[in-house]
Every structure is written in C-alpha cells, then in structure tokens.
Amino acid sequence: MNFLSKEALVEVKNLKTYFYTEEGVVKAVDGVDYEIYPGETLGIVGESGCGKSVTSLSIMRLVESPPGRIEAGEINFGGRDLTKITEKEMRKIRGNDISMIFQEPMTSLNPVYTVGDQIMEAIMLHKKVDRKEARRQAIDMLTKVGIPLPEQRVDEYPHQLSGGMRQRVMIAMALSCDPQLLIADEPTTALDVTIQAQILELMNSLKESYGMSIMMITHDLGVIAEVSDRVAVMYAGKVVEYTDVDTLFEDPKHPYTWGLMNSIPKLDKDVDRLEAIPGSVPSPLNFPEGCKFNTRCPLAEGKCFDEEPPLEEAAAGHKVRCWRYEDLEEIKKRGERIYEDRGVQK
C-alpha cells in the first residue's frame with residue numbers, strides 16, 4: 001500500500017522537548033521530524049535513552065511540567081497543532097482520537113479498581129453513555145482482545161490477571177473509543193516470547209479491523225519487522241534514518257542502524273561473534289559536538305566532529321543523517337565488519 005499518496009494523519013515537525021534540571025538542560029527530543037499516515041504502522045526504534053518515549057508523551061501532551069517542556073516544533077493532527085491547543089481541548093483528543101498503551105501493564109493499571117471500571121471510565125467520559133451501556137461495551141472490548149470469560153474478568157482486579165491478560169486489558173482500554181491513532185510504547189516488554197507474538201498478532205488484527213494507525217515504540221528490531229510499514233531510527237533525541245521497513249532491513253544506510261542489524265543473531269549465517277556497538281548513548285546533558293554518534297562510530301572523521309549532519313534523502317523515500325553513508329555503502333559491498341575491525345575513534 002502506498003501510504004505516501006495519502007494525507008498524513010500526524011505530522012511532527014522539528015519537535016524539541018527539553019527538561020530543565022539542576023544539572024542543566026536535558027535535550028531529550030531535539031529536532032524530530034516524521035509523519036504517520038492513515039492505516040499504517042510507524043515503528044520508532046533505538047536504544048534506551050534515545051528519546052522514543054518522550055516523543056510519544058509529547059504527542060499526548062503528557063510531558064510533566066516542570067521540569068519538562070515542548071520547546072519548539074509542531075505536532076499537526078486533524079488540522080490542528082497539538083502544541084498550541086488548550087489542556088481542555090487536549091483532554092477531548094487524549095484517549096478518544098489518540099490513545100496510548102504504556103510500557104508496563106503491571107504498573108499502568110490501578111490496583112484498587114476492577115479492570116472493567118477502568119475501561120468504563122474512558123467510555124463514559126468520551127462517549128457520554130450510562131454505566132450499563134459502558135459495561136456492555138467494556139465486555140465487548142474484552143471479547144475482541146481475546147480475553148476468555150469476559151463477563152467474569154470485567155469484575156476482577158489487575159492482580160488477578162496474568163501479564164499477558166493485563167496487556168490485553170490495556171489494549172481494550174486504549175481501543176474502547178475507536179481512536180484514529182494508537183501509540184504503543186514497548187507493549188511487549190516483560191512478556192515472554194509466546195505472549196509477545198500473540199499481542200503483536202492481536203494488534204495487527206485490530207489495526208485492520210478498526211482502520212487505525214499505530215505508532216510502535218520499541219528497542220526490538222524483531223517487533224519492528226513484524227508489525228511496521230515504515231521505520232524511524234532514533235539516536236540521541238534525533239531521527240537518524242527514516243524509510244519503509246523492507247528498505248531498512250535490506251539496505252540500512254546509517255552506521256548506527258547497520259550496527260543494530262548486525263547485533264541480531266541470524267539463523268542462515270555462521271558467525272563466530274556478533275558485532276556490538278561499543279559504548280552507550282551519550283548523556284543528553286553533554287551531547288558531543290557535530291554528529292551525536294561520532295563517539296561510537298568507527299567511520300567518524302573530520303567533519304563528523306565539527307558539524308551535525310542534516311536528515312537528507314539518500315534515495316527515494318529513504319532519509320539518513322550521516323556525512324559518510326556513501327562510504328558505508330562501499331564497506332557493505334566488500335562484506336567487511338566495521339565495528340570489530342575498525343574500532344571507535346575518540
């Protein structure tokens with residue numbers, strides 16, 4: 001499906017979300033651009049600390065202030081810039097037009113209310129129905145997300161359910177008002193692989209049924225491959241690569257993406273050791289000058305340490321933020337391992 005022929009449902013432009021702390025200004029999201037089209041799943045991938053979750057919280061206008069603040073940029077949704085509307089207007093959108101599944105189902109549900117009451121709260125708030133009708137709709141949603149005995153489960157508390165069941169309740173709650181966009185922030189974290197597969201299959205099925213868009217946030221490239229149509233790779237608060245999912249896996253152009261790909265075990269290749277990206281994401285209080293990836297990149301030289309590269313189109317529909325992506329192409333053609341063989345420049 002050619003999503004790009006449609007008008008974007010969400011358009012994020014130069015989004016900057018900073019946190020003002022005693023130690024200094026934390027630039028958690030520092031100039032992010034991407035679009036989400038109707039009916040597609042956009043995957044946001046990167047290591048912990050890259051700004052993935054803060055980006056989603058910015059869209060939902062849930063960044064705690066103080067210390068956080070959307071410093072600049074636009075979040076266009078339904079013809080309106082969400083950064084400029086009032087909190088009252090945002091409450092009508094949040095949970096209704098845009099819903100979110102948070103990382104931990106174990107802690108996201110309120111332990112003192114039944115799961116039915118928590119689903120019914122959203123239904124009654126946005127749909128203006130009475131409690132009896134809200135309960136009927138809650139049971140219907142529990143049925144749709146595959147929870148057995150929904151008439152019984154609706155009156156149970158979160159601690160009475162397994163982790164997978166709680167995640168299904170979170171999905172039921174998020175979909176109870178038929179949102180146009182579902183933000184899923186690490187929805188399979190803390191679940192075993194069998195339950196992960198069930199949750200991902202469920203989300204794909206519900207996306208088709210409801211015709212909604214999904215923003216899938218994860219550090220797991222396997223999840224990205226399973227559910228995404230397009231992918232934004234984030235590093236140090238910025239998008240460093242942005243393309244469709246097939247192109248990303250067949251032809252990654254950023255050294256960071258290349259490193260992530262080569263850290264995944266492959267059943268069809270006999271490799272003694274996997275490549276590993278050395279070091280960790282730099283502190284947002286002290287990002288390096290130039291390219292944010294230069295302290296870990298084996299290709300970094302000269303300009304990489306002085307000037308930050310723009311996010312530019314390296315091929316049709318394929319954007320990359322790197323001065324040396326053409327050099328990486330030559331290295332890939334020769335089949336060389338860049339991290340282990342070249343080390344990291346300091």
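The structure presented is a predicted model; accordingly, all values stated were derived computationally and were not measured. Numbering starts at 1 and runs along the sequence shown.
Across all non-hydrogen atoms, the minimal contact from Pro150 to Thr143 is CG-OG1, 3.3 Å. Taking every heavy atom of both residues into account, Cys177 and His126 meet most closely at SG-CB, 3.8 Å. Contact record, Val54 with Val29: CG1-CG2, 3.7 Å, taken as the closest heavy-atom pair. Summarising the geometry of Pro284 relative to Val26, their closest heavy-atom pair is CG-CG1, 3.4 Å, with the distance given to 0.1 Å. Heavy atoms only, all atoms of each residue included: Thr257 and Pro252 are closest at CG2-CB, 3.7 Å. Minimum heavy-atom separation, Leu299 to Pro255: CD1-CG, 4.1 Å.
By the salt bridge (charged side-chain N to carboxylate O under 4.0 Å, His left out) test, Glu326 is found to be paired with no residue, residues two or more places apart in sequence or in another chain being considered. Not counting sequence neighbours, the partners of Lys16 by the side chain to side chain contact (heavy atoms under 4.5 Å, CB included) test are Asn14, Tyr18, Asp30, Glu71, Ala72. With sequence neighbours excluded, the residues forming a side chain to side chain contact (heavy atoms under 4.5 Å, CB included) with Phe249 are Leu221, Ile224, Ala225, Val245, Met261, listed by chain and number. In this structure Asp327 satisfies the salt bridge (charged side-chain N to carboxylate O under 4.0 Å, His left out) test together with Arg324, sequence neighbours excluded. Here Asp81 pairs with Lys84 under the salt bridge (charged side-chain N to carboxylate O under 4.0 Å, His left out) rule; sequence neighbours left out. Judged as a salt bridge (charged side-chain N to carboxylate O under 4.0 Å, His left out), and not counting sequence neighbours, Lys27 has no contacts.
Using a 4.0 Å cut-off between charged nitrogen and carboxylate oxygen, Lys253 and Glu241 do not count as a salt-bridge pair. Ionic pairing of Lys128 and Glu133 is not present here: no N-O contact between side-chain nitrogen and carboxylate oxygen is shorter than 4.0 angstrom. With respect to Arg135 and Asp155, a salt bridge is recorded, a charged nitrogen being found less than 4.0 Å from a carboxylate O. Here Asp229 pairs with Lys207 in a salt bridge; the nearest charged N to carboxylate O distance falls below 4.0 Å.
Heavy atoms of other residues, nucleotides or ligands lying less than 6.0 angstrom from NZ of Lys92 number 12 at most. Counting heavy atoms of neighbouring residues, nucleotides and ligands inside a 6.0 Å radius, atom CD of Glu289 does not exceed 12 of them. Counting non-hydrogen atoms of neighbouring residues, nucleotides and ligands closer than 6.0 angstrom, the CD atom of Glu201 reaches no more than 12 such neighbours.
Arg321 and Tyr242 are not linked by any side-chain donor-acceptor pair at a separation below 3.5 angstrom, with hydrogens and angles left out of the test. Side-chain contact check for Asp117 and Thr114: at least one donor-acceptor pair (N or O, by modelled atom type) lies under 3.5 Å.
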Query raised in the report: Which is it for Asp140 and Arg136 under the salt bridge (charged side-chain N to carboxylate O under 4.0 Å, His left out) test, yes or no, and what are the steps along the way?
Result: CA-CA 6 Å; Asp140 185 48; Arg136 186 197 66 77; 5.2 Å; no

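Within the 4.5 Å cutoff, side-chain heavy atoms of Leu82 are placed close to those of Ile98. With a 4.5 Å cut-off on side-chain heavy atoms, Leu175 and Met212 count as touching. With contacts defined as side-chain heavy-atom distances shorter than 4.5 Å, the pair Lys238/Cys291 does not qualify. Contact check for Ile123 versus Arg131: no side-chain heavy atoms found under the 4.5 Å cut-off. Side-chain contact between Gln180 and Phe77: present, with at least one pair of heavy atoms (C-beta onward) separated by less than 4.5 Å.
The list of ring pair (Phe, Tyr, Trp, His ring centres under 6.0 Å) pairs with a residue in residues 308-329, not counting sequence neighbours, is empty. Within the structure, ring pair (Phe, Tyr, Trp, His ring centres under 6.0 Å) contacts touching residues 212-235 (residues at least two apart or in different chains) are Tyr235-Tyr256, Tyr235-Phe293. Screening residues 54-65 for side-chain hydrogen bond (donor to acceptor under 3.5 Å, both in side chains), with sequence neighbours left out, gives Thr17-Ser58.
Cluster membership check: Val169 does not share its hydrophobic cluster with Met124, using side-chain heavy-atom separations under 4.5 Å among Ile, Leu, Val, Met, Phe, Trp and Tyr. Under a hydrophobic clustering in which Ile, Leu, Val, Met, Phe, Trp and Tyr are joined whenever their side-chain heavy atoms come within less than 4.5 Å, directly or via other members, Val10 and Val63 fall into the same cluster. Val320 and Val32 fall into different hydrophobic clusters, where Ile, Leu, Val, Met, Phe, Trp and Tyr are joined by side-chain heavy atoms under 4.5 Å apart, directly or via other members. By the criterion of side-chain heavy atoms lying less than 4.5 angstrom apart, applied directly or through intervening Ile, Leu, Val, Met, Phe, Trp or Tyr residues, Met120 is not grouped with Ile101; the two fall into different hydrophobic clusters. Linking Ile, Leu, Val, Met, Phe, Trp and Tyr residues whenever their side-chain heavy atoms come within less than 4.5 Å places Leu62 and Ile183 in a single cluster.
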For residues 305-312, run the donor-acceptor check on the side chains, cut-off 3.5 Å, and write out each pair with its distance to 0.1 Å, sequence neighbours left out.
{"from": "Glu308", "atom 1": "OE1", "to": "Lys292", "atom 2": "NZ", "distance (Å)": "3.4"}
{"from": "Glu308", "atom 1": "OE2", "to": "Lys292", "atom 2": "NZ", "distance (Å)": "3.3"}

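A donor-acceptor pair under 3.5 Å is absent between the side-chain atoms of Glu156 and the main chain of Val115, judged by distance alone.
Through direct or relayed side-chain contacts under 4.5 Å between Ile, Leu, Val, Met, Phe, Trp and Tyr, Val112 connects to Tyr113. Summarising the hydrophobic clusters (Ile, Leu, Val, Met, Phe, Trp, Tyr; side-chain heavy atoms under 4.5 Å, direct or chained), the residues clustered with Leu149 are none.
To the nearest 0.5 Å, the span separating SG on Cys322 from NE2 on His254 amounts to 5.0 Å. Summarising the geometry, atom CD belonging to Glu11 is positioned 12.0 Å from atom OH belonging to Tyr34; distances are rounded to the nearest 0.5 Å. Atom CZ of Arg230 sits about 10.5 Å away from atom OG1 of Thr41, to the nearest 0.5 Å.
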